[in-house]
Undergrad: 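Just dropping this structure here.
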Amino acid sequence: MAKRDRSSFVAGRERQLTLLILVAVFFTLLVARLFTLQVIRHDEYSRFAKNNQLKRERVAAPRGYFLDRNGEILVDNVLHFQVVMSWRERDDVAAVATGLWAYLPVDTSKIMAHFDAWKKKHGRMAFPIVPDADKFIVSFIKENADSFPELRVISRARRRYRGGELAAHLLGFVGEVGDREISEGANSGKRYFPGDMVGKSALEAYSEDVLRGVDGQDVFEVNASGRIMGEFKKLSTAPTPGRNLILTIDARLQRILEEALSQHGPSAAVVIDTDDGSVIAAVSLPQFDPNEFATGISQASLDRLFNAKSKPLFNRFSQARYPPASTFKIVSAYAALTNELVRADHVLVYCAGGHQFGNRYFRCWQELGHGYMNLLGGVIQSCDTYFYKVAEIMDVDMLASSARAFGFGEKTGIDLPAEVRGLVPDRAYYDRRFGKGKWTQGLVLNNIIGQGENLASLLQVVRMCAAVANGGFLVTPHVIDHIEGEPRVAYPRRRIPHLSGATLRFLRSALEGVVSHPKGTAQWTRLDWMKTAGKTGTAENPHGEPHSWYVAYAPADDPEIAIAVIVENAGHGSDVAAPIVRDFFREYFRPGSTAAVGSDVEQAATGGGGQ
Amino acid sequence: MKLSRDFDWVVLVTTLMLCAVGIALIYSVLHPMVGQYAGDMSYGFLKRQLMWVGLGIVSMLIGFGVPFRWYESLALVVYAVCIVLLIAVLIIPSTRDTQRWLMVGPIGLQPSEFTKVAVLFVWARFLSGHRRNPNRPRTLLLLMAVFLLPFLLVLKQPDLGTAIVFFGLLMPIMYWRGFRGIHILFALSPFVSAVLIIYGENVAHNPWPFGVFIVAIMVIAYLRRSRLIESVSLVVANLGVGLLLPMLWDDLKIYQQNRILNFLDPGADKLGVGWQVIQSKIAIGSGGVTGKGYLAGTQKALEFLPAKHTDFIFSVLGEELGFAGAMVVLLMFSVLIFKALVIAQKTKSEFASTVCVGIAAYFFFQVLVNVGMTVGMAPVTGIPLPFVSYGGSSMLVSCFLVGFLLNCSARWYEY
């Protein structure tokens with residue numbers, strides 16, 4: 001049958017010939033190209049091959065800066081000089097080192113030790129024979145270029161953190177790229193070389209791709225008398241600098257907050273804009289000086305940082321999990337009201353300093369008791385007994401879902417690496433941990449006052465507070481306002497489900513009462529000229545004194561900022577954390593203060609307030 | 001014996017000579033390293049290449065021994081197996097840096113190489129006998145579908161070069177099977193559009209390349225006086241690509257985008273690929289007419305040529321054996337391609353004939369792209385030089401195809 005169809009099968013000699021001609025044409029092009037390279041331009045290419053004269057050097061792209069919201073430069077780069085030597089064998093290096101030693105204050109044995117280490121790690125890369133050259137050495141090398149033809153002076157950029165320790169946990173630090181980063185970078189299209197500095201933590205790491213520019217290269221002949229062929233010259237490229245980041249941080253306020261916290265031990269604080277979640281200041285103490293990492297940190301300092309009991313490298317506002325303690329009563333009150341377990345003005349218990357449940361007695365923090373309590377009083381005076389009573393009739397999952405509604409148990413989405421989720425215990429969690437039916441409602445009594453298995457980060461707590469202040473929106477805390485030259489980044493925010501206007505009004509008046517009520521736990525932080533609102537907390541902790549919490553927003557009538565402070569092992573929230581906040585509010589809202597006047601951030605986001 | 005009378009000894013001898021050249025060059029590449037590294041390590045490549053040539057001969061015997069009618073019947077089965085392997089490669093975690101390899105014991109195989117043969121078989125089967133009228137649009141869509149499935153799987157692994165070879169195979173066999181020009185254009189144009197859009201947006205930074213192309217195909221469709229429905233669908237298909245592509249593009253990972261961009265604009269990557277090509281050109285150019293002599297190359301020792309025993313082996317050839325050596329090797333490939341086209345003409349089976357043209361196209365493209373890249377004329381992709389470059393999958397496939405050619409040459413009278 002195929003035979004019959006042979007006529008329509010057009011594959012005739014004609015088509016065969018066409019294909020052959022196509023092959024011939026393309027192969028002729030290849031031959032012509034080879035002829036050009038190997039016959040016509042043979043001499044040029046063999047010159048480059050013979051002495052291997054063509055060299056190239058990478059020109060590292062300068063890393064992008066960090067600026068605060070007012071344009072103050074927080075991090076930049078400074079130039080420093082190195083004398084480098086093209087690749088040579090060990091003996092040649094020794095000879096040059098001895099030559100330098102005759103004129104300059106250099107240590108030859110140190111150079112050789114350095115060289116051996118360098119060779120092991122970097123192979124045949126140009127060797128920095130004087131890694132940190134001063135002006136005298138630089139001018140000497142330049143003047144005596146003829147005697148030392150193999151030496152060149154190069155300038156390298158070094159990261160400079162202008163504020164020293166300022167905002168160290170936000171900015172992070174850079175360090176030499178590791179082998180794993182090099183190979184992983186190669187897979188994702190980034191090209192790192194041994195000796196490159198890359199972001200290792202916080203913003204430096206989070207924004208590595210933006211901060212890092214594109215390296216260029218310099219192609220040149222080793223023998224200066226030779227000319228460089230056009231096609232090689234074209235290979236030289238200028239580096240593309242990294243992008244600058246404009247942060248939401250206010251350096252002045254950051255400084256003030258760090259100063260205030262430094263009066264105490266390990267502690268942390270975050271201030272965010274209630275409407276859009278931009279972080280105005282975020283402190284974790286103790287901190288460290290990132291400049292040490294940029295210059296090549298010594299092993300001793302590194303050991304000190306890693307082994308110190310106060311963990312200076314540990315970011316306490318985004319990586320630490322604390323019991324939210326009584327600050328969590330905001331969620332508990334929301335849970336009780338939304339599920340109609342109680343009415344706000346209904347007196348539920350008489351607090352005599354604690355509550356008997358089953359065979360256990362749950363203590364209120366106020367041993368003398370609060371007397372008759374309704375929900376409002378329970379929040380204002382932080383009465384544990386009231387909430388114990390509520391917990392008796394509250395399902396564990398009801399509390400858990402309320403906590404999730406306020407953003408607990410999930411990352412807040414801040415633009416920093418390694419944020420913790422915290423822990424919202426629910427039925428599934430307890431079943432897994434203790435076994436089905438092997439735990440009691442007593443656990444809820446602990447959870448409802450923010451203790452027990454309940455764990456949260458400072459960011460989650462400040463975001464909860466901001467949500468009350470801004471009319472029920474969970475914002476995304478963020479530190480990057482925008483990349484220089486690009487539009488402002490839009491960060492998502494979402495409405496808290498089932499938060500009724502009445503509940504919201506109740507929560508706000510309760511938090512105001514904490515400050516303004518004569519029995520409020522934060523009454524000492526009252527300011528004459530501005531209403532503020534907040535909630536204290538005292539996180540019991542098996543390792544020592546309780547942690548002191550205070551979370552607040554201000555002004556109470558038209559909130560601008562929310563702040564959360566925790567001071568580890570400092571006792572009651574009202575004693576330590578609350579006064580820090582009061583002082584910060586004073587500073588922030590002080591007439592003439594830069595922050596209080598025209599914060600444009602606020603204008604951008606009030607549109608969707610929906611109060 | 002009819003078999004031995006028509007057996008094409010020239011094809012067999014040329015192939016074996018090319019294999020010998022490959023082994024000699026790999027030895028030469030490894031030669032200067034012997035002192036530097038442990039001897040076993042360096043000669044390991046040579047031993048393994050010898051093993052691959054051995055396995056290649058087995059694969060050639062399979063291509064030769066099995067009647068091509070069987071391949072015609074089994075084409076879809078082979079195709080299905082290859083698709084499964086491609087998916088397996090995507091799923092199974094790989095020890096190598098890109099997901100292209102399937103480990104069979106210690107041996108790494110690249111299913112994408114074998115897929116080329118499978119797709120070729122299926123195409124040839126669809127296009128032979130009464131099965132499909134080549135000039136019906138449905139046939140064209142079917143052909144594209146056969147190729148699109150593995151193409152997308154291959155594209156997900158970052159290996160655009162292999163994907164492009166598919167097109168290099170399709171165009172000649174469509175021509176061979178008597179497709180009308182407009183249909184060949186139809187098959188090729190969405191891909192060209194895609195490339196032009198990416199090029200325009202990321203390299204040239206203007207929409208002109210795509211715009212001009214769209215106008216050009218409209219003009220061609222008009223001049224060829226093709227049917228209205230064909231012309232309209234041609235333009236719609238291309239505009240569709242233009243609308244969908246930006247979305248797909250944003251879904252790609254940065255490194256995948258970069259691979260494609262480096263392919264389209266090799267000059268942009270001056271630090272990596274550009275440097276590699278320059279070193280290759282210095283090696284080849286410094287070889288001169290007669291070369292520096294076998295084992296006497298200098299550039300190969302300098303670690304300038306990264307893939308010198310695989311993709312860039314032609315640079316070593318050019319350096320050590322010069323223009324003369326390069327010509328001899330190119331001549332050998334020309335002989336293979338010429339023979340493949342001659343056999344295609346002679347063979348009575350339409351299936352076998354179509355496959356033979358595909359084989360000619362396969363060798364042509366591999367040589368053109370590989371050699372072109374070493375002399376800076378073609379983008380740098382992972383396409384090896386058949387029989388010469390170190391590597392297993394390419395060797396097995398190339399030898400199998402030669403076996404198939406010999407098969408056709410000996411049984412040309414069969415249908």
Side-chain angles (χ1 to χ4, degrees), chain A residues 1-6 8-13 15-20 22-24 26-27 29-31 33-50 52 54 56 58 123-124 183 185-191 209 214-217 219 231-232 234-237, chain B residues 97-98 128-130 172 175-178 253-259 267 270-272 274-275 278-279 281-289 298-299 302-303 318-319 322-323 326-327 330 333-334 337-338 341-342 344-345 348-350 353-354 357 360-361 364 367-368 371-372 375-377 415:
Chain A
M1 56 169 193
K3 202 169 189 176
R4 217 161 6 96
D5 204 35
R6 201 66 183 166
S8 75
F9 176 35
V10 211
R13 290 215 168 270
R15 284 182 187 252
Q16 186 194 27
L17 196 65
T18 318
L19 289 178
L20 276 174
L22 275 175
V23 172
F26 279 103
F27 272 22
L29 283 176
L30 275 189
V31 171
R33 178 71 163 196
L34 283 166
F35 188 80
T36 317
L37 290 183
Q38 300 193 287
V39 181
I40 300 174
R41 292 170 66 182
H42 167 62
D43 291 342
E44 291 170 78
Y45 283 108
S46 34
R47 187 166 58 85
F48 283 103
K50 207 168 284 162
N52 224 340
L54 200 61
R56 67 162 170 178
R58 213 154 48 91
R124 304 170 76 96
S183 58
N187 285 342
S188 53
K190 286 179 274 185
R191 208 173 272 134
D209 294 350
V214 182
D215 290 342
Q217 73 176 354
V219 176
E231 64 176 305
F232 297 151
K234 271 188 294 184
L235 281 176
S236 292
T237 49
Chain B
D97 53 349
T98 50
S128 48
H130 269 315
Y175 178 70
W176 186 247
R177 298 298 304 142
K253 300 236 166 63
I254 301 276
Y255 75 94
Q256 289 172 320
Q257 294 183 354
N258 280 345
R259 263 179 191 272
K270 292 174 183 175
L271 277 67
W275 187 251
I278 283 290
Q279 294 303 332
K281 281 163 77 178
I282 291 179
I284 292 174
S286 67
V289 178
T298 52
Q299 299 304 98
L302 291 168
E303 295 172 37
E319 187 190 7
F323 185 65
M327 285 307 101
L330 279 185
F333 279 115
S334 307
I337 294 163
F338 175 73
L341 288 175
V342 169
Q345 176 69 20
K348 288 211 158 50
S349 154
E350 292 183 3
S353 166
T354 312
V357 171
F364 172 67
V367 172
L368 187 72
V371 177
V375 296
M377 283 173 86
Y415 284 107

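These numbers were taken from a predicted model, which means no experiment stands behind them. Order of the sequence lines sets the chain letters (A, B, ...), proteins ahead of strands, with each chain counted from 1.
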Undergrad: Please examine the side chains of B:Val342 and A:Gln16, heavy atoms only from C-beta on, and report whether any two atoms are closer than 4.5 Å.
TA: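 Answer yes - side chains close enough.
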Undergrad: What are the two closest heavy atoms between B:Phe323 and A:Val31, and how far apart are they?
TA: CE1-O, 3.8 Å
Undergrad: After noting the C-alpha distance and the side-chain angles of A:Leu34 and B:Met327, does the key distance pass the side chain to side chain contact (heavy atoms under 4.5 Å, CB included) rule?
TA: CA-CA 9 Å; A:Leu34 283 166; B:Met327 285 307 101; 3.8 Å; yes
Undergrad: Which bit of A:Leu29 is near chain B, if near means a heavy-atom gap under 4.5 Å: side chain, backbone, both or neither?
TA: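 Both parts, heavy atoms under 4.5 Å.
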Undergrad: What's the shortest heavy-atom distance between A:Leu30 and B:Met377, and which atoms?
TA: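 For A:Leu30 and B:Met377, the tightest heavy-atom pair comes out as CD2-SD, 4.1 Å.
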Undergrad: Atom CZ of A:Arg47 and atom CD1 of B:Ile282: how far apart are they, to the nearest 0.5 Å?
TA: 10.0 Å
Undergrad: Mind checking the OG1-CG spacing from A:Thr18 to B:Leu341? Nearest 0.5 Å is all I need.
TA: 10.5 Å
Undergrad: If every non-hydrogen atom of B:Ser286 is compared with every non-hydrogen atom of A:Ser46, which pair is closest and at what distance?
TA: CB-CA, 3.7 Å
Undergrad: Which atom names give the shortest non-hydrogen contact between B:Ala326 and A:Gln38, and what distance separates them?
TA: CB-OE1, 4.2 Å
Undergrad: Which pair of heavy atoms, one from B:Trp176 and one from A:Leu19, lies closest together, and at what distance?
TA: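 Shortest heavy-atom contact: CE3-CD1, 4.0 Å.
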Undergrad: Taking A:Arg15 for its side chain and B:Tyr175 for its backbone only, find out whether a donor-acceptor pair lies under 3.5 Å.
TA: yes
Undergrad: Does any heavy atom of chain A fall under 4.5 Å from the side chain of B:Leu330, the backbone, both, or neither of them?
TA: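 Contact with chain A: backbone and side chain both.
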Undergrad: Do you know which of A:Val39, A:Val23, A:Leu22 has the most heavy-atom pairs with chain B at a distance under 4.5 angstrom?
TA: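 Answer, by heavy-atom pair count under 4.5 Å with chain B: A:Val23.
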